[in-house]
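One structure below.
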Protein chains: 2
Amino acid sequence: MTTEKKSIRFGRLRRAPENFVTQDLADQVYQHGMDETRRGFLRKSFVTALGAATAGGAVSQALAADGEKVILDKLPWQMTLGQPVAARPYGMPSQWEANLQRRESPGLTRVSAASVAFAPLQGFFGIITPNGLHFERHHQGWYDIDPAQHRLMINGMVKQEMVFTMDDLMRLPSVSRIHFIECGANTGLEWGNVAVPSVQYTHGMLSCCEFTGVLLSTLLDMSGADLKKGKYILAEGGDGSGMTRTIPMDAALKDVMVCWAMNGEMLRPENGYPLRLVVPGVQGVSWVKWLRRIEVGDMPYATKDEAVHYIDLLPNGLHRQYTTIQECKSVITTPSGGQQLLDKGFYNVSGMAWSGRGKIRRVDVSFDGGNNWRTARLETPILSKAITRFNIDWNWDGAPAILMSRAIDDTGYVQPMIKQLREVRGTRSIYHNNAIQAWKVDPNGEVSNVQVG
Amino acid sequence: MTTEKKSIRFGRLRRAPENFVTQDLADQVYQHGMDETRRGFLRKSFVTALGAATAGGAVSQALAADGEKVILDKLPWQMTLGQPVAARPYGMPSQWEANLQRRESPGLTRVSAASVAFAPLQGFFGIITPNGLHFERHHQGWYDIDPAQHRLMINGMVKQEMVFTMDDLMRLPSVSRIHFIECGANTGLEWGNVAVPSVQYTHGMLSCCEFTGVLLSTLLDMSGADLKKGKYILAEGGDGSGMTRTIPMDAALKDVMVCWAMNGEMLRPENGYPLRLVVPGVQGVSWVKWLRRIEVGDMPYATKDEAVHYIDLLPNGLHRQYTTIQECKSVITTPSGGQQLLDKGFYNVSGMAWSGRGKIRRVDVSFDGGNNWRTARLETPILSKAITRFNIDWNWDGAPAILMSRAIDDTGYVQPMIKQLREVRGTRSIYHNNAIQAWKVDPNGEVSNVQVG
């Protein structure tokens, strides 16, 4: 697979002097205030700046943490006129972030148009996924569809069949909701053994956006859907693969959305522009892209992509079908596989947690392969069926360590170990691997994917 | 100024048959459910689809709302293999959205490097601002700074002066918070009279992101800031203009952040990559970009950009200084100036509300120039010092109308009319115009900027 360079974040740490203080941190403080122990430790961890700092004036010299002299003025960008406004009417990231890309895993599928581009979670922050790095999963490639030609039909067991243009839809009462989308096959490579080296490839079929659109219930209401007899929705996409999936009516009426926007702007072509289904908490394949038709029916549709694909072979020889909900899951995104810590000392360990059943209640983190656990801080707002960001302090003393995160959602469900999942589903499963992820830190600071238990 | 084409959203509405039903809508329903009146109205508003819709099969023909035959299959994108995954390692918007850009108002300033690029709010959804369309305001242009060379110094009334690299900072305990940023001069052109034709130029110095960084209080704590004597912070930027601003210590300790990320990825160069100050609720100039120094002192610094600029001349001849908080404000973003409605009938009227003092409590909307008001729906989560999205149903009967929104925040403060503001501050003010915005709809559907009262 395409190997990316080591994370430039942790890779830029210059080698520190040997006299870094190691000290056990007090138990996790839940608020963001600092207790004396942590304050003292952090203060010692950074070599102080010496030099001619004068109050009120610009500092021309200082010593940085590693003793290197740093000139704080007379840098090129302080002495020239910079770029004008609107130099880029639609802006792009810094050139220094060019290494952060979504990436295919070549050879994963035979055709790159029916493949995956994994999101680089190791470089993300907070809960919002940058639109340009949203993961991709296509069955017959992607298109940039002309929105003027796109239509959405509602038919089947309805009083009034209807056809909508994009203008028709975008006049309707809309809602905006933050939700994660995860492919059912996310982490699927890890069923049998450790397969891939970095969090981009273990967990990168995951993204989270503020989606805007009209509630499917509004459209069903407008068309007079038969709610007595109609028990299922068929959603059909307008791409070459004509993706079709069944949605149960109760889910359809509850929080399913027909969306045109992600994180404040129209959908990206790779994510179904101009229209896609949003099915909160449910695996990504049901979030039909380039959505063109909704049909109301009275039986599950047993389409190709739910009868033959997207099923799991169990050890008893039976197939597990229609498993739609993405169960509670979490992963540490930094430090994570493929990165390298060049320093002992204090780190903010960070990651994501999510549940298709509702909100995250708690995330615990272990640094010793699951023997001891500490509770992480959760960023707010904590939202239902959306990513929650967690952070926790860690003082690395240079010894080998195994980092793991374990999420609990508000149903009380606890994210399982891979061993527990295999006992039920064997090692030949493909979908719905929500097991705890472990990262090993070697004394030289290298972080790698490892399985525990 | 650069005039953009009429909004393609509303501009694409085909002329509808004359038999559209007009009907008064019932009073606003707060939940997203539909009452019978609205259901009946919406159903009649859209001409139904006729044609050979068969349950379970693809629909090859249907009639769209205007009687035009629509072919739902045999479109080019259904018959070919699309683009592969990771065709664009960092994706961009659809080609069909190319008209949505941030734009300068040429002539607003003498030099485009010290100017504004306005965000196209009319094309936004929800509360998150797409990073590529975040507004710009620079004083000596923008740069793409090498993060390896960037430093942050903490000095002044501290026990330990410190210099941080980006790696040093990004190891610290971080937080992620959603906040709006608004330039103090936003809507400033409208003080005297109606100046500009669209919401991009009346309100486009506004954006909202999930910011990630370390709390300033953490850095002050690490450096042992003297909290008895130290009452003010000076923040200094590393760009050519060397922007400096005073922050009172109580604000600094409360929620000010030193940030490196916006909406899940590193800051954009135009927004201060790799480091900026985030001062929730406070005018944008204090959110120092390319942040390089924090100094603790015991008096306000009276820097150029707070003593001479960013002040308001009052009718009594005195200057109003250090007005930092952005007061409660709202605006309807669609329909808005420069757009055109081609149709009578149902519309979802949508806009944004925000307050530098906390959460939005309520938004009311008028359709008759302020005589009658109805309460809008607010999208959740409703966050402190962040944008809140509001939506409200409207049935346009084709008569002239004047649309206005009025926000109330959780302090009880009510967004004022422009007349009320002028009574206090005259017409020569520049900053802090948070008045109610009015849009006039003519019988031909054209929407224009108008002042009421």
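In what follows, chains carry the letters A, B, and so on, assigned in the order in which the sequence lines appear, proteins first and then strands, with residues in each chain numbered from 1. Heavy-atom basis, side chains included; hydrogens, waters and symmetry copies ignored.
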Give the minimum heavy-atom separation between B:Asn348 and A:Leu172, together with the two atoms involved. CB-O, 3.2 Å
Does any backbone or side-chain atom of B:Ile127 lie under 4.5 Å from a heavy atom of chain A? Answer side chain, backbone, both or neither. both
In Å, rounded to the nearest 0.5 Å, how long is the span from CG of B:Asn131 to CE of A:Met92? 11.5 Å
Closest non-hydrogen atom pair, B:Ala86 against A:Ala117: N-CB, 3.8 Å
For the side chain of A:Asp144 and the backbone of B:Gln95, is there at least one donor-acceptor N/O pair under 3.5 Å apart? yes
Sort out for me which of B:Gly264, B:Ala98, B:Pro274, B:Ala113 touches chain A most, counting heavy-atom pairs under 4.5 Å. B:Gly264
A:Ser174 versus B:Asn391, closest heavy-atom pair with distance: O-ND2, 3.4 Å
Between the CH2 atom in B:Trp260 and the CZ atom in A:Phe125, the distance rounded to the nearest 0.5 Å is 7.5 Å
Verify side chain to side chain contact (heavy atoms under 4.5 Å, CB included) between B:Gln83 and A:His138, making sure each step is shown before the conclusion. CA-CA 9 Å; B:Gln83 297 261 54; A:His138 312 303; over 6 Å; no
Looking only at heavy atoms, the pair that brings A:Pro269 and B:Pro93 closest together is CD-C, 4.1 Å
Can you check whether B:Gly126's main-chain N or O pairs, donor with acceptor, with A:Glu210's side chain at less than 3.5 Å? no
Which heavy atom in B:Trp77 sits nearest to a heavy atom in A:Gly238, and how many Å separate them? CD1-O, 3.3 Å
Which of the residues B:Gly141, B:Gly132, B:Cys208 is involved in the greatest number of heavy-atom pairs with chain A at under 4.5 angstrom? B:Gly132
Quick one: does B:Arg103's side chain have a donor or acceptor within less than 3.5 Å of a partner on A:Pro89's backbone? no
Sub-4.5 Å side-chain heavy-atom contact between A:Glu104 and B:Pro84: no
So, A:Glu270 side chain and B:Val85 main chain: donor-acceptor pair closer than 3.5 Å or not? no
Side chain, backbone, both or neither of B:Val116 within contact of chain A (heavy atoms, under 4.5 Å): backbone
Does the A:Tyr90 side chain pair with the main chain of B:Arg102, one donor and one acceptor, at a distance under 3.5 Å? no
Straight-line distance of A:Ser94 OG to B:Met266 CE, nearest 0.5 Å: 8.0 Å
Okay, B:Thr380 and chain A: the region with an atom under 4.5 Å from a heavy atom over there is backbone
Minimum heavy-atom distance between A:Leu81 and B:Gln140, given as atom pair plus value: CD1-CG, 3.7 Å
Between B:Tyr143 and A:Pro76, is there a donor-acceptor pair closer than 3.5 Å when you use the side chain of the first and the backbone of the second? no
Measuring from atom CG of B:Leu133 to atom CZ of A:Arg88, what distance do you get when rounded to the nearest 0.5 angstrom? 12.0 Å
Could you look at B:Ser176 and say if it's the side chain, the backbone, both or neither that has a heavy atom under 4.5 Å from chain A? both
Checking heavy atoms, do the side chain of B:Thr129, its backbone, both or neither come under 4.5 Å from chain A? backbone
Side chains of A:Asp239 and B:Gln78, heavy atoms from C-beta outward: is any pair under 4.5 Å? no
Working to the nearest 0.5 Å, report the span between CG of B:Asp167 and CG of A:Asp343. 9.0 Å
So CG of B:Leu75 and CG of A:Asp146: to nearest 0.5 Å the spacing works out to 9.5 Å
Between A:Tyr273 and B:Glu97, does any side-chain donor sit less than 3.5 Å from a side-chain acceptor? yes
Quick check against the 3.5 Å criterion: does B:Trp142 have a side-chain atom that pairs as donor or acceptor with the backbone of A:Gly82? no
Side chain, backbone, both or neither: which part of B:Trp290 has a non-hydrogen atom closer than 4.5 Å to chain A? neither
Please determine, among A:Asn263, A:Asn271, A:Val111, the option with the most heavy-atom pairs under 4.5 Å with chain B. A:Asn263
Does B:Arg171 reach the main-chain N or O of A:Phe346 with its side chain, forming a donor-acceptor pair under 3.5 Å? yes
